[in-house]
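See below for the structure under consideration.
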There are 2 protein chains.
Amino acid sequence: MENLTLLFKEKNLKLTPQRYAIYKYLKSTKSHPSAEMIYDNLKANYPTMSLATIYKTLKTLIELGVVIELNVGEDNFRYDANTSQHPHIICLSCGRVDDIENADFNFLDDEAKKYTDYKIDTHQLYFYGICPECQKKSE
Amino acid sequence: MENLTLLFKEKNLKLTPQRYAIYKYLKSTKSHPSAEMIYDNLKANYPTMSLATIYKTLKTLIELGVVIELNVGEDNFRYDANTSQHPHIICLSCGRVDDIENADFNFLDDEAKKYTDYKIDTHQLYFYGICPECQKKSE
DNA sequence: TATTTGTAGATAATAATTTTCTTTTAATAG
DNA sequence: CTATTAAAAGAAAATTATTATCTACAAATA
């Protein structure tokens with residue numbers, strides 16, 4: 001995470017323990033947590049940290065381009081420190097959010113360019129279905 | 001819209017003027033309006049209609065499967081009466097939402113199945129970029 | 001035409017997120 | 001190593017999209 005230090009220095013931002021903890025947690029998990037979930041997870045080690053700090057830090061990290069905001073269709077956002085372009089899949093039954101890994105969907109931007117006059121920057125691809133665990137449960 | 005009448009009857013729902021107007025407006029536009037935008041648009045002809053009615057009707061229409069809820073990343077939802085599976089493209093500058101038409105992205109569900117154990121139901125594909133109008137403006 | 005049941009509309013409530021303001025702290029210079 | 005300063009944390013209030021509640025009304029059926 002040396003580059004995180006550099007990145008913060010470049011922008012005259014302070015790399016506080018809270019900010020570092022939030023980023024590190026996001027890097028460590030594949031659960032695509034919401035702000036609230038991050039808060040609950042860090043509460044033990046940072047008992048005084050407030051939700052506002054989580055939100056403000058997430059915004060900062062997004063602006064820096066090291067975190068992505070996901071819109072899975074719930075009433076809140078999810079966050080992901082894996083900034084490589086990759087699809088997500090959401091379980092309609094339990095709400096968990098997983099990466100789809102090893103698949104290459106990078107061609108999508110070029111494909112879309114054929115059908116629009118927009119200048120395309122990026123995309124988000126969300127699949128919806130039932131996760132293996134919930135499939136078992138409903139049997 | 002004869003099938004809408006039938007659909008409502010089947011579910012013992014009442015096809016009120018308000019509901020009909022909301023659906024008709026969504027059918028008539030490609031602007032992917034938010035609840036608020038629908039409200040503003042119908043206010044002239046239905047001065048007594050409340051936002052709550054818009055929201056309740058949208059929920060009903062979604063349950064009936066004749067309207068789709070879009071999550072473009074703003075702080076509100078957008079709605080679309082074109083229920084065929086098609087991608088959307090959002091202008092990062094002005095926020096407008098367009099369809100990507102004539103493109104066939106239906107293969108995506110099958111493609112994703114190769115990389116996950118989820119049972120896949122559907123997907124949403126959002127492109128982000130700059131629309132032609134905003135491109136001109138920034139020149 | 002009466003009756004039943006669902007719905008409209010007004011309003012209050014909820015919940016995620018943002019803002020404000022004061023105190024604290026990280027980074028830098030001396 | 002300390003003083004300084006600009007940014008950030010934390011607490012609390014504010015905002016905003018959406019939902020729930022409740023009463024009066026209206027559509028469908030008998």
Side-chain angles (χ1 to χ4, degrees), chain A residues 1-2 4-23 25 32-40 42-64 67 69-79 95 97, chain B residues 1-2 4-25 32-40 42-64 67-79 95 97:
Chain A
M1 330 256 144
E2 309 316 317
L4 197 67
T5 314
L6 277 175
L7 206 54
F8 271 70
K9 195 165 288 178
E10 270 176 28
K11 308 274 180 179
N12 287 322
L13 296 169
K14 289 182 183 168
L15 187 47
T16 62
Q18 292 90 337
R19 287 177 163 180
Y20 186 68
I22 291 168
Y23 180 70
Y25 175 57
H32 308 83
S34 65
E36 188 100 32
M37 290 158 82
I38 298 170
Y39 178 66
D40 288 342
L42 298 181
K43 211 155 43 181
N45 289 318
Y46 298 83
T48 72
M49 183 155 53
S50 88
L51 246 183
T53 299
I54 308 265
Y55 278 109
K56 281 183 283 194
T57 298
L58 287 169
K59 236 184 160 179
T60 306
L61 294 172
I62 289 165
E63 267 165 30
L64 288 176
V67 162
E69 193 172 57
L70 302 179
N71 248 289
V72 301
E74 295 174 323
D75 37 8
N76 56 27
F77 290 100
R78 303 289 202 115
Y79 298 90
V97 179
Chain B
M1 331 252 147
E2 310 316 315
L4 196 66
T5 314
L6 277 174
L7 205 55
F8 270 71
K9 196 164 286 178
E10 271 176 27
K11 308 275 178 175
N12 287 322
L13 297 169
K14 290 180 183 166
L15 187 47
T16 62
Q18 294 89 336
R19 286 176 166 182
Y20 186 68
I22 292 167
Y23 180 71
K24 211 176 53 171
Y25 175 58
H32 307 86
S34 65
E36 188 100 34
M37 291 157 81
I38 298 170
Y39 179 65
D40 288 341
L42 298 181
K43 211 155 44 177
N45 289 318
Y46 298 83
T48 72
M49 182 155 52
S50 86
L51 245 183
T53 299
I54 308 267
Y55 278 109
K56 280 184 285 196
T57 298
L58 287 170
K59 234 182 162 180
T60 306
L61 294 173
I62 289 166
E63 266 165 32
L64 288 175
V67 162
I68 282 173
E69 193 171 58
L70 303 179
N71 247 289
V72 301
E74 293 173 323
D75 36 10
N76 56 26
F77 290 100
R78 303 286 203 117
Y79 299 89
V97 180

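Sequence lines set the chain letters: A, B, ... in the order given, protein chains first and strands last, and positions in each chain run from 1.
Whole-Å rounding puts the A:D75 CG to D:dT19 C1' distance at 11 Å. Note: CD1 (A:I62) to P (C:dT17) measures 10 Å, nearest angstrom. Atom OH in B:Y39 sits roughly 15 Å away from atom C1' in D:dT18 (whole-Å rounding). We find that CZ of A:R78 is positioned 16 Å from C1' of C:dT17, with the value rounded to whole Å. The distance between atom NZ of A:K11 and atom P of C:dA27, rounded to the nearest whole Å, is 17 Å. C:dA29 atom P lies 11 Å from atom CG of A:N12, rounded to whole Å. Here the P atom of nucleotide C:dA16 and the NZ atom of A:K59 are 18 Å apart, to the nearest Å. Spacing between atom NZ of A:K43 and atom P of D:dA9 amounts to 18 Å, rounded to whole angstrom units.
A:A35 and A:L51 get closest at one heavy-atom pair: O-CD2, 4.1 Å.
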Show me the donor-acceptor pairs within less than 3.5 Å that the side chains of residues 52-63 of chain B make with the rest of the protein, sequence neighbours left out.
residue, atom, partner, partner atom, Å
B:T57, OG1, B:T53, O, 2.8
B:T60, OG1, B:K56, O, 2.9

What pairs of donor and acceptor atoms, side-chain ones from residues 7-19 of chain A against any protein atom, are under 3.5 angstrom apart with sequence neighbours left out?
residue, atom, partner, partner atom, Å
A:T16, OG1, A:R19, N, 3.2
A:R19, NH1, A:K14, O, 2.9

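At a non-hydrogen distance threshold of 4.0 Å, A:T48, A:M49, A:S50, A:A52, A:T53, A:K56 from residues 47-57 of chain A come into contact with DNA chain D.
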Might you work through the side-chain contact (heavy atoms from CB on, under 4.5 Å) test for A:F77 and A:L70, ending with a clear yes or no? CA-CA 6 Å; A:F77 290 100; A:L70 302 179; over 6 Å; no

side-chain contact (heavy atoms from CB on, under 4.5 Å) for A:I22 and A:M49? Distances and angles first, verdict last. CA-CA 11 Å; A:I22 291 168; A:M49 183 155 53; 4.3 Å; yes

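The side-chain hydrogen bond (donor to acceptor under 3.5 Å, both in side chains) test applied to A:Y25 returns A:N41, not counting sequence neighbours. With sequence neighbours excluded, the residues satisfying side-chain hydrogen bond (donor to acceptor under 3.5 Å, both in side chains) with A:E74 are A:R78. Contacts of B:N76 classified as side-chain hydrogen bond (donor to acceptor under 3.5 Å, both in side chains), with partners at least two apart in sequence or in another chain: none. Not counting sequence neighbours, the partners of B:E69 by the side-chain hydrogen bond (donor to acceptor under 3.5 Å, both in side chains) test are B:Y79.
For the helix from C:dT1-D:dA30 to C:dG30-D:dC1, the end axes, each set by the C1' atoms of five terminal pairs, are bent relative to each other by 40° (nearest 10°).
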Protein-nucleotides 27-30 of chain D N/O pairs under 3.5 Å:
residue, atom, partner, partner atom, Å
D:dA27, N3, B:K14, NZ, 3.2

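You'll find that the side chain of B:R19 is closest to C:dA8, out of C:dT17, D:dA17, C:dA8.
The salt bridge (charged side-chain N to carboxylate O under 4.0 Å, His left out) pairs that include a residue from residues 42-54 of chain A are A:D40-A:K43, where partners are two or more places apart or lie in different chains.
One finds a side-chain N or O of B:Q18 lying less than 4.0 angstrom from the OP1 or OP2 phosphate oxygen of C:dG9.
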